[in-house]
Amino acid sequence: MISDRWMSWPSREGLTREGLSAARLWFVRVLRVVIGGSLLWNAFRDDRGWRLVAGVGLVVLCGGLVWAFLRMSFARRLWPSVTLLALLMGAGYAAQAGDWSVLALVLWCGSAFLALERLPLVVAGVCMPVALAAFAVHNDDGWLTTALIVVGLALAGYTLRLDADARGNARRLLAQERAARAAEAETAALAERARIAREIHDVLAHSLSAQLVHLEAARLLIEGDASRDQILERVVAARSMAREGLAETRQALSALRGEMTPVEDFLRELVFSDKASVSVTGERRALPAEASQAVRRVAQEALTNVRKHAPGAEVFVRLAYEEGEVTLDVRDSGGTPGELAASGAGYGLIGMRERAELLGGSLAAGPGEEGFIVTLKVPT
């Protein structure tokens with residue numbers, strides 16, 4: 001069975017002029033002018049009118065056959081290409097019979113060259129020997145010179161074929177690389193959109209959960225016939241949480257752009273209105289944007305849970321910079337569950353755990369000796 005290499009056509013990408021250097025393009029053009037000029041001179045040197053017309057007509061006809069062969073071989077139409085190549089070799093015999101020996105030799109050499117460069121190797125292996133045999137029989141040089149010319153033409157044709165294949169492979173690899181870069185950029189854009197969506201979701205979830213705490217408290221106060229000032233206090237607190245939610249959304253977007261306050265300052269501002277203390281251990285350093293956001297969101301969610309499940313409890317927040325990771329530990333002193341303990345869907349810590357796992361970290365939440373403990377670890 002004939003291998004694919006022998007049956008395959010040369011690379012189309014390598015046969016086009018696209019990607020060729022200016023120097024190489026000019027070399028090809030000059031070479032064509034020299035060959036065409038030499039053939040026309042061979043035809044014009046005969047001063048008899050009918051031979052002059054016939055010689056020029058034969059040169060023009062051969063130029064048309066070459067042009068058609070290049071088109072058909074590029075389109076990978078085998079039998080039209082072989083037919084045109086046979087006509088070119090036949091034109092060589094006509095030129096030899098008309099005493100245009102230079103034209104005949106060029107046509108035979110060119111046919112062998114084109115066959116090896118542009119046809120499948122199994123077909124070129126038939127056409128090329130026929131053309132080179134005609135050249136060897138009618139060439140007036142010695143057998144050694146003729147043999148060297150034949151071998152040189154075969155090597156030159158095969159070299160150009162390999163060059164075309166190499167250029168075609170290079171262009172395909174370049175196209176694949178561009179496609180891969182475009183896909184990578186699209187994937188990065190989608191990942192960035194997902195990250196922004198996750199940040200906005202977490203900010204709004206925390207803000208709305210906090211608002212729900214205050215609104216639920218206002219409802220219970222209304223049902224318990226509480227005073228107007230107590231109810232108003234809860235409504236004002238809910239409005240304040242809504243404003244803070246909008247501010248946190250803007251901060252999240254700024255954080256995604258790398259514009260964020262240090263985590264330690266954020267935690268101190270976060271616990272300012274609560275009975276909480278913040279301690280920082282380890283060598284402080286700048287955290288990646290996603291790790292910093294995870295610490296902030298987990299701290300917010302943990303404090304919201306304390307307000308709901310242990311109102312009035314003392315809260316201890318510890319941020320530890322360790323080798324290769326940062327640890328956030330939020331624990332409370334425990335207390336009697338408030339009236340708002342049943343409010344909310346309970347998905348906050350689940351979302352925080354998913355965020356931590358996406359970063360290659362972990363989140364543990366559960367009861368401790370006194371109260372509830374939330375521990376986040378994320379790599380840095």
Side-chain angles (χ1 to χ4, degrees), residues 184-185 187-210 241 243-307 315-332 347-366 368 372-380:
E184 183 180 355
T187 301
L190 292 175
E192 182 67 12
R193 292 174 187 172
R195 188 163 73 106
I196 292 174
R198 187 166 59 250
E199 292 296 338
I200 300 303
H201 168 270
D202 291 344
V203 168
L204 293 180
H206 166 73
S207 175
L208 293 176
S209 177
M241 292 304 301
R243 289 178 176 174
E244 290 178 7
L246 291 175
E248 289 174 6
T249 302
R250 297 189 185 97
Q251 290 176 5
L253 294 176
S254 298
L256 290 173
R257 293 192 293 264
E259 306 166 0
M260 62 178 72
T261 58
V263 176
E264 303 86 355
D265 295 341
F266 174 84
L267 293 177
R268 292 189 179 94
E269 293 175 3
L270 182 65
V271 303
F272 181 75
S273 60
D274 295 280
K275 296 178 181 179
S277 61
V278 177
S279 64
V280 180
T281 61
E283 183 180 354
R284 303 183 184 186
R285 58 183 181 274
L287 299 178
E290 292 193 348
S292 175
Q293 287 295 91
V295 170
R296 296 163 195 256
R297 298 294 164 253
V298 169
Q300 288 177 325
E301 184 63 29
L303 288 175
T304 300
N305 286 339
V306 171
R307 297 187 190 108
V315 182
F316 306 93
V317 180
R318 183 178 67 89
L319 181 67
Y321 290 96
E322 300 170 355
E323 185 67 27
E325 67 178 11
V326 63
T327 300
L328 173 70
D329 187 84
V330 181
R331 60 183 66 203
D332 60 75
Y347 295 136
L349 289 177
I350 296 177
M352 293 300 102
R353 182 175 289 109
E354 292 175 352
R355 174 191 283 268
E357 291 174 353
L358 285 174
L359 297 177
S362 64
L363 184 139
F372 199 79
I373 302 175
V374 177
T375 302
L376 169 72
K377 292 180 179 291
V378 288
T380 58

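The structure presented is a predicted model; accordingly, all values stated were derived computationally and were not measured.
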Distance from E301 atom CD to L303 atom CG, nearest 0.5 Å?
9.5 Å

Closest approach of F266 to Q300 (non-hydrogen atoms, all atoms of both residues)
CZ-NE2, 3.5 Å

Nearest heavy-atom contact between A356 and L376 is CB-CD1, 3.6 Å

Using the side-chain contact (heavy atoms from CB on, under 4.5 Å) rule, take V330 and V298 through it: C-alpha gap first, then chi angles, then the decisive distance, then the call.
CA-CA 9 Å; V330 181; V298 169; 5.6 Å; no

Strictly distance-based, threshold 3.5 Å: is any side-chain N or O of R353 a donor or acceptor partner for the main-chain N or O of L363?
yes

Interatomic spacing from CZ in R297 to CG in L328 - rounded to 0.5 Å
12.5 Å

Heavy-atom closest pair, residues T281 and R318
OG1-NH1, 4.0 Å

If you compare all heavy atoms of V278 against all heavy atoms of L267, which two are closest, and at what distance to 0.1 Å?
CG2-O, 4.0 Å

N305 meets the side-chain hydrogen bond (donor to acceptor under 3.5 Å, both in side chains) criterion, sequence neighbours left out, with none

Are side-chain heavy atoms of V378 and Q293 found at a separation under 4.5 Å?
no

Identify the heavy atoms of A291 and P379 that sit nearest to each other, and give their distance.
CB-O, 4.1 Å

Could you grab the distance from atom OG of S277 to atom CZ of R268, nearest 0.5 Å is fine?
11.0 Å

Derivation and outcome, side-chain contact (heavy atoms from CB on, under 4.5 Å), residues D329 and F316
CA-CA 8 Å; D329 187 84; F316 306 93; over 6 Å; no

Closest heavy-atom pair, E322 versus T327, reported as atoms and distance to 0.1 Å, is OE1-OG1, 3.4 Å

